[in-house]
Amino acid sequence: MLFLTHLLFSLFVGILLFAPFPAHNPSPLAPSLILISVCTFFGVFPDIDGVRGKIKKWIPFSMAASFFLGHRGIFHSLVIPGSLWLLSAFLGKSEIGAAIMIGYSSHLFLDALTPKGIAPFYPFSKKRISGPIKTGSFMEYLMLFLFIVIAALLWLK
């Protein structure tokens with residue numbers, strides 16, 4: 001999937017799960033914006049192992065990750081988000097860990113919809129999950145449009 005698709009989908013999921021809905025979440029807006037931001041960042045983070053990617057501009061070690069680990073390997077499995085979630089829970093930051101796990105998983109979900117797919121339990125299993133949506137196809141752009149519309153409706157609600 002494209003960078004923009006990952007970015008907007010994780011933003012959509014972050015808004016859906018962490019936006020302050022007064023009836024459900026009386027917390028102030030600032031913590032929600034932090035959780036939405038963390039979710040959105042980790043929605044694009046797994047592509048640090050890609051050869052071409054916008055995330056490389058933000059993460060210094062991404063070229064090394066790409067060279068040594070290859071694309072859609074360990075960074076496209078549940079090992080990294082699971083480890084980060086456990087670490088954050090250990091540090092007493094379970095809300096941040098949830099935002100990391102959800103954002104990261106949103107990326108994996110979208111990549112599992114592509115023909116290349118992902119190996120969710122890599123390196124323990126190389127069995128891949130894949131789908132029919134090609135990167136940059138009409139179907140991806142249709143999904144992207146729907147994310148934008150639904151996220152805007154949720155944000156304005």
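Because the structure is predicted, anything quoted here is derived from the model rather than measured.
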Hey, does [Y] have a side-chain heavy atom less than 4.5 Å from the side chain of [X]?
X	Y	result
Ile102	Phe18	yes
Pro120	Leu108	no
Lys134	Met139	no
Thr135	Lys116	no
Leu16	Val13	no
Ser10	His107	no
His6	Asp111	yes
Ile80	Pro46	no

Give a yes or no on whether [X] and [Y] share a hydrophobic cluster (residues Ile, Leu, Val, Met, Phe, Trp, Tyr; joining criterion: side-chain heavy atoms under 4.5 Å apart).
X	Y	answer
Ile96	Leu87	no
Phe147	Leu142	yes
Leu17	Met101	no
Ile34	Ile100	yes
Leu2	Ile150	yes

### Message
Counting the benzene-type ring for Trp, do Phe121 and Phe124 have ring centres under 6.0 Å apart?
### Response
no
## Note on the structure
Sorted by chain and residue number, the side chain to side chain donor-acceptor pair (under 3.5 Å) partners of Thr114 (sequence neighbours excluded) come out as Arg72
### Message
For Val44, run the side-chain contact (heavy atoms from CB on, under 4.5 Å) check against Leu11, Leu4, Leu7 and tell me which one passes.
### Response
Leu7
### Query
So, does Tyr104 use its side chain to make a donor-acceptor pair with the main chain of Phe75 at under 3.5 Å?
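Yes; at least one donor-acceptor contact below 3.5 Å.
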### Message
Let's go through Ile133 and Met1 carefully: what are the C-alpha distance in whole Å and the side-chain angles of both, what is the deciding distance for side-chain contact (heavy atoms from CB on, under 4.5 Å) to 0.1 Å, and is it a yes or a no?
### Response
CA-CA 9 Å; Ile133 300 174; Met1 294 282 170; 3.7 Å; yes
